[in-house]
Amino acid sequence: MSVLLDISKMDMVFPTPKGPFTALKGVDLKIKKGEFVSLIGHSGCGKSTVLNVVAGLYQATTGGVVLNGKEVNEPGPERAVVFQNHSLLPWLTAYENVELAVSQVFGKEKSKAETKEWIEHNLQLVHMDHAMHKRPDEISGGMKQRVGIARALAMQPDVLLMDEPFGALDALTRAHMQDSLMEIQNELNNTVIMITHDVDEAVLLSDRIVMMTNGPAATIGEILDVKLERPRHRLALAEDPEYNRLRSEVLKFLYEKQRKVEPINKAVKVVQETTEDAA
Amino acid sequence: MSTATSLVKKIEESIEIPSFAQALIMKSVQLVGIPLAGILVFMLLWSTAAQNIDTSLGKFPGPTAVWEQFGNLYNEHVTSREKESAFYERQEIRNAKRVEADPDYVPKVRAYTGKETFLDQIVTSLVTVMSGFLAAAIIAIPLGIAVGLNKTLNTAVNPIIQIFKPVSPLAWLPLVTMVVSALYVTPDPTIPKAFLNSMITVTLCCLWPMVINTSVGVASIDSDLVNVSRVLRLPAIKHVQKIVLPASIPMIFTGMRLSLGIAWMVLIAAEMLAQNPGLGKFVWDEFQNGSSDSLSRIMAAVVVIGFIGFLLDRVMLQVQRFVSWDKASAAR
Ligand SMILES: Nc1ncnc2c1ncn2[C@@H]1O[C@H](COP(=O)(O)OP(=O)(O)O)[C@@H](O)[C@H]1O
Ligand SMILES: [Mg+2]
């Protein structure tokens, strides 16, 4: 299969009050159509920055992103984003939230009846058809995230970008959501980039796991191919030797090769510096 | 001993009030009883203080004197209305007679020119304050949205807002008066100048809180929601309509409530000076009048002014409850 999304030599330098801060340096990644790629790395390494550049919300300082042979330089619905905090419009119902996206993306292409059907279909896909007409403050965190996913799917994106979509959910809800996502993926076979900090989630869902080094000047450390049979079942996989090997590979990368400097030391250092300043 | 305790228990059971009724009583005491007690204490303090203040117009009015004035003011209104209808009746009869005598006669209808009653003045004040406030809202909310969306515009406009915000209505009024007399020249003004003067002064004073609150509300929209709009490539107008406006409704209403409060305060001062026939003019006329009733009539006006100010805020809150999706911010 051909390359759908090509991230090449991407650098990201943020101007900060203390001078330029190089968040990313030389990120290179090619993603094929229908592939499910997860980005994993320690907090603050630059995962969201990569995703935001792909989404077009940030502009890379050098290098860039090519989707379907076209350079990405602004956001657009062909790169739908599922944000960590659902980001549903609180004054609209689940249905209306999806409707805003559908009417904007398809506009006059779809008739009124088709639009309605398409919205309902996508809400059904995430098992939210029973609470279509509820507003975000009337449904649980997991349900909000489901609606957020439905909204993104309804745009029929070329790539689905998800920034820690289940990060704010409790473990049980998260497991449900992962199962739902696999089920949807089985049906639609979307191209997905998902950020996660959950090792099990990465192995369970991905075709490839992209592991990022710590920042500043973070880049891709290693890429792990996950060749587990689909459909995958979390219980069966728990005893699968290949699953456990992949899992420990990721853990090794995160906790041996890219051990994060203890933040406590940092805090002590800051305190020392300030006391020195005072003196 | 044991029989005695069981007897007590039985009596207790038989007179036990159901707990929900108990809760209801507690709640009504809290909601009605305590404020009522507060008002009573205030009345007591007021009447004792009033008895000890002697002015050139007699003793300072206590609650009873003010209460009597309410009755008087209402009766004056009723009498004036009776006079008015009698005037029109007489005019009609006169005209009918003249038409009868001379069929070519075109009857003249003259308007009744009696003094405005207290109730008329309340109505004028309400109309003036609402016109001034609405004019301000029509300017301030779009301006606030533009300022909130555009950082450059914000930097440009902010110093102007900060400088004009604390200006007293008394400073604006002479300027407004001169400008209105210069620009509004019609032989037969349907809208009286005094009304325009007070209305524009109100507008100038209550513009700023709405601009500031709207722009802060717009500028502090959750960046995720803005990103949703960017991903969907919503056109600018749709972005404002679908995202910006609903998201900043709570802050817009905070600004509107602040502004309406200011508008009402400013109005009384403006009417005093502009001689717009409203509550401010009523207070001023009574002060100039200097009769023995004047102070109690002014005090009655003070109570009415306060009460209307309170009602305006409540009405605004109800409108907010009706319009806003954010019921939590509309609870206060
Ligand atoms: N808009 C920005 N301006 C300045 N620095 C930023 C900005 N966005 C992110 N950063 C910095 O870039 C680094 C990577 O951030 P991010 O991509 O959010 O990390 P992650 O998502 O992996 O937790 C962090 O050090 C962060 O402070
Ligand atoms: Mg992040």
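To find a chain, count down the sequence lines: A is the first, B the second, and so on, and within it residues start at 1.
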Taking every non-hydrogen atom, the tightest pair across A/L88 and B/L225: O-CD2, 3.7 Å
task: Flag the one option from A/A80, A/A55, A/P75 with the top tally of heavy-atom pairs under 4.5 Å to chain B.
output: A/P75
message: Does atom CZ (B/F164) have a neighbourhood of more than 12 heavy atoms from anything else shown, all under 6.0 Å?
response: no
statement: Okay, A/A101 and chain B: the region with an atom under 4.5 Å from a heavy atom over there is both
Between chain B and chain A, donor-acceptor distances below 3.5 angstrom:
| from | atom 1 | to | atom 2 | distance (Å) |
| --- | --- | --- | --- | --- |
| B/R230 | NH2 | A/L57 | O | 3.4 |
| B/R233 | O | A/Q104 | NE2 | 3.3 |
| B/R233 | NE | A/P75 | O | 2.9 |
| B/R233 | NH2 | A/P75 | O | 3.4 |
| B/K238 | NZ | A/Q104 | OE1 | 3.3 |
| B/K242 | O | A/W91 | NE1 | 3.3 |
| B/W325 | O | A/R135 | NH2 | 3.3 |

task: Kindly check if the number of other-residue, nucleotide or ligand heavy atoms within 6.0 Å of CD1 (B/I237) is above 12?
output: no
statement: If one checks every heavy atom of B/I249 against chain A at 4.5 Å, the contacting part turns out to be neither
